[in-house]
Amino acid sequence: MANVTTYPGKSHRTGNGAAAALTAAEIAALALSLAHLGAGPQATTARRALRHLIDTDTHDDVVTATLATLTRPLDASTADRARVVAAAITEHRVVRLCYGDAGANVTIREVEPVTCLVHRDHWYLVGWCRMRRGVRAFRFDRILAVESTGLPARPRRAERYLPFQRRTAAAA
């Protein structure tokens, strides 16, 4: 499986002129910000820039689909939910989700959001689910409603919460 964090983009210049690859957090933040911008001219230009930052020469079908999702605007209701999630991630606040799983079971969950990612055709919120007491990935299109609880969330490093990473030979 693939996600934006598995395939860091082309390098960019740092303040001292050295090349530095975009981090997973930078790619996820850019993509989430672009996803709820809409379809205006600035958003279109910004999405084109993101496509140029990500190396597209060596990707398989999964990564190609993921990149297409990354650079496509979200529908209005999903974009509204994405704004709430993005603010909660930035402010380290717990969110309350009304979530429908694949089996159409609906639960209310409090989640400490960590990051968002894209895999193939879907956006996911990744965070610590207080109900399940573990890391979970919630598909945006299955989040029926979301609100900030105002409660502080424990700061967590996104790299530790990414479920779709490929294992390298050294890590296996």
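One-based numbering along the sequence shown.
- At least one side-chain heavy atom of Cys98 sits less than 4.5 Å from a side-chain heavy atom of Val106.
- Glu112 has a carboxylate O that lies under 4.0 Å from a charged side-chain N of Arg130, or vice versa, which qualifies the two as a salt bridge.
- Between Val111 and Val94, the closest side-chain pair of non-hydrogen atoms is not below 4.5 Å.
- Glu91 is linked by a side chain to side chain donor-acceptor pair (under 3.5 Å) to nothing, counting only residues two or more places apart in sequence or in another chain.
- Between Tyr124 and Cys116, every side-chain heavy-atom pair lies at or beyond the 4.5 Å cut-off.
- Contact check for Ile108 versus Arg96: side-chain heavy atoms found under the 4.5 Å cut-off.
- Atom NE2 of His122 sits about 11.5 Å away from atom OG1 of Thr78, to the nearest 0.5 Å.
- Qualifying side chain to side chain donor-acceptor pair (under 3.5 Å) partners for Thr107, counting only residues two or more places apart in sequence or in other chains: Arg109.
- Of all the heavy atoms in Gly150 and Arg93, the pair that sits closest is O-NH1, 3.1 Å.
- Evaluation of the side chain to side chain donor-acceptor pair (under 3.5 Å) rule for Thr149 yields no partner, not counting sequence neighbours.
- Judged as a side-chain contact (heavy atoms from CB on, under 4.5 Å), and not counting sequence neighbours, the contacts of Val84 are Val146.
- Nearest approach of Leu151 to Glu110, heavy atoms of both residues: CD1-OE1, 4.4 Å.
- Here CD of Glu147 is found 13.5 Å from CZ of Arg81. Values are rounded to the nearest 0.5 Å.
- The minimum heavy-atom distance between Ile89 and Val114, with the atom names listed, is CG2-O, 3.6 Å.
- In this structure Asp121 satisfies the side chain to side chain donor-acceptor pair (under 3.5 Å) test with no other residue, sequence neighbours excluded.
- Sorted by first and then second residue, the pairs that involve residues 80-118 and meet ring-ring contact (aromatic ring centres under 6.0 Å, His included), not counting sequence neighbours, are Tyr99-Phe138.
- One distance of note links CH2 of Trp128 with CZ of Arg154; it measures 8.0 Å at 0.5 Å rounding.
- Taking each heavy atom of Phe140 and Val85 in turn, the nearest pair found is CZ-CG1, 4.4 Å.
- With no hydrogens or angles considered, no side-chain donor-acceptor pair links Ser77 and Asp80 at under 3.5 Å.
- Here the CG-CG distance, from Leu97 to Leu125, works out to 6.0 Å after rounding to the nearest 0.5 Å.
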